[in-house]
Amino acid sequence: MLTPPTGEPHSELREALTHAKVLVSELYPQMRQAVVGCFIFLRFFCPAIVSPHTAGIIDCTSSERASELPLIVAANSHPLVVLVAPVPNQAMSALVLLSKLFQALASGVEFDGTKEEHMLRLNPFIQKNQLVVRIYLDNLTVCVVVLVEWLNG
Amino acid sequence: MLVARFVPFPPPPPPPSLWQTTDSLVLEQYLKATVQVLVEQVLAIPHSLEINPARAQKGTDVRANADIILSLAQVFIDKLQTTMVLCPLYESLHLLLLLLLALLACSCFD
């Protein structure tokens, strides 16, 4: 019996991404790479990076980190109702920055500096890793695993 | 005799999820395999990041911590590569093996 290796994205995910790529390439051939990148990063990786507690990446009930977490008062709530932010502010800022960087990398568009001049210094990273991400996205839209599963019966 | 009775509305159905049709457990495992290391590393070094709390000058945090941000981003890219690096090889080898077996079977029947 053939089984995919650990950490392999599910074949249904591959099918969905391949389907999206095919449909988009019929109308916008130049966007077929970007649509897969935007789809998987914008809807899958980046939400988990920005909000790791809701994606189950970190355990926010851990008592070890409880003392480090900032207390925030929810808007329009009773003054005594205090929420515990699951991720410290400094870490959250870094996570948001990283997700912006990954989205730019996935869409293959460098920062132009018109809105955020400071992001220009992240462009060399995008240039350096463009090929890696392109290969990854091409791999995601190869449905060979589906064929292997079909042959397995 | 008719008696008016308050019948509560049923709760609205949950919004359809993008990943509803897929095996959520497998997707969750894949998400953890790729993102967890990055998040843990970010959480491990929050105190070294000089984030400007007042946000007086936009981009202060990027200017001060570009190297840290880029090294963290590289962690994720490396992880992304390692989760995929075996797959093309794995797929190609097994597909080749299956094709060879099929050809062998065809030649035997001939």
Side-chain angles (χ1 to χ4, degrees), chain A residues 2 4-13 15-16 39 43-49 52-53 55-58 65 68 87-95 97-98 100-102 105 116-122 124-126 128-129 132-133 135-136 138-140 142 144-145 147-148 151-152, chain B residues 18-19 21-36 38-40 42-53 55 57-63 65-66 68-70 72-74 76-88 90-92 94-95 97-98 102:
Chain A
L2 301 174
T6 313
E8 161 72 0
H10 199 243
S11 58
E12 285 184 19
L13 177 62
E15 278 184 86
F39 199 75
R43 299 292 179 202
F44 191 62
F45 288 128
C46 290
I49 290 170
H53 53 288
I57 305 293
I58 57 166
R65 289 183 48 243
E68 301 170 14
V87 178
N89 290 337
Q90 291 161 315
M92 181 56 79
S93 179
L95 290 172
L97 268 173
L98 285 165
K100 283 169 95 171
L101 178 59
F102 294 144
L105 185 59
E116 297 170 312
E117 179 265 333
H118 55 274
M119 299 295 271
L120 283 174
R121 65 183 59 203
L122 305 181
F125 178 84
I126 296 176
K128 182 186 162 194
N129 290 288
V132 174
V133 172
I135 291 170
Y136 171 73
D138 278 342
N139 272 327
L140 271 183
V142 173
V144 182
V145 171
L147 179 61
V148 170
L151 287 169
N152 276 331
Chain B
L18 185 64
W19 311 107
T21 57
T22 58
D23 189 340
S24 59
L25 189 65
V26 177
L27 283 175
E28 195 179 320
Q29 283 173 353
Y30 178 62
L31 192 63
K32 278 190 176 179
T34 48
V35 175
Q36 192 155 27
L38 171 71
V39 172
E40 282 174 357
V42 171
L43 287 174
I45 56 159
H47 300 298
S48 65
L49 293 173
E50 298 167 13
I51 306 295
N52 180 9
R55 309 291 295 175
Q57 190 184 6
K58 198 178 177 189
T60 309
D61 41 0
V62 181
R63 289 189 190 91
N65 307 293
I68 300 173
I69 295 294
L70 291 178
L72 288 168
Q74 195 62 52
F76 178 70
I77 296 296
D78 291 345
K79 194 69 189 169
L80 212 57
Q81 269 185 295
T82 53
T83 56
M84 293 299 291
V85 76
L86 286 176
C87 301
Y90 169 90
E91 289 165 359
S92 319
H94 280 87
L95 191 64
L97 183 66
L98 287 170

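Below, read A as the first sequence line, B as the second, and so on, with proteins coming before strands; counting in each chain starts at 1.
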Considering all heavy atoms of both residues, which atom of [X] and which atom of [Y] are nearest to each other, and what is their separation?
X	Y	value
B:Q36	A:I57	NE2-O, 3.1 Å
B:V42	A:A94	CG1-CB, 4.0 Å
A:G56	B:K32	O-CE, 2.9 Å

Item checked: Proximal component of A:L101, with respect to chain B [non-hydrogen, under 4.5 Å] ->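 Interface part for A:L101: side chain.
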Checklist line | Between CG on residue B:L80 and CD1 on residue A:I135, distance to nearest 0.5 Å | finding: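 One gets 11.5 Å once the value is rounded to the nearest 0.5 Å.
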Checklist line | Beyond-backbone contact of B:I69 with A:F125, side-chain heavy atoms, under 4.5 angstrom | finding: no
Next item on the list: Test side chain to side chain contact (heavy atoms under 4.5 Å, CB included) on B:Q74 and A:N129 and set out the steps.
Entry: CA-CA 9 Å; B:Q74 195 62 52; A:N129 290 288; 3.5 Å; yes
Next item on the list: Let me know if B:L31 has heavy atoms under 4.5 Å from chain A in its side chain, its backbone, both or neither.
Entry: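 Both parts, backbone and side chain.
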Check: Which residues pass the salt bridge (Lys or Arg N to Asp or Glu O under 4.0 Å) test with B:D78, sequence neighbours left out?
Finding: none
Margin query: Going by the rule ring-ring contact (aromatic ring centres under 6.0 Å, His included), which residues pair with B:F76 if we only count those two or more places apart in sequence or in a different chain?
Written below: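 A:F45, A:F102.
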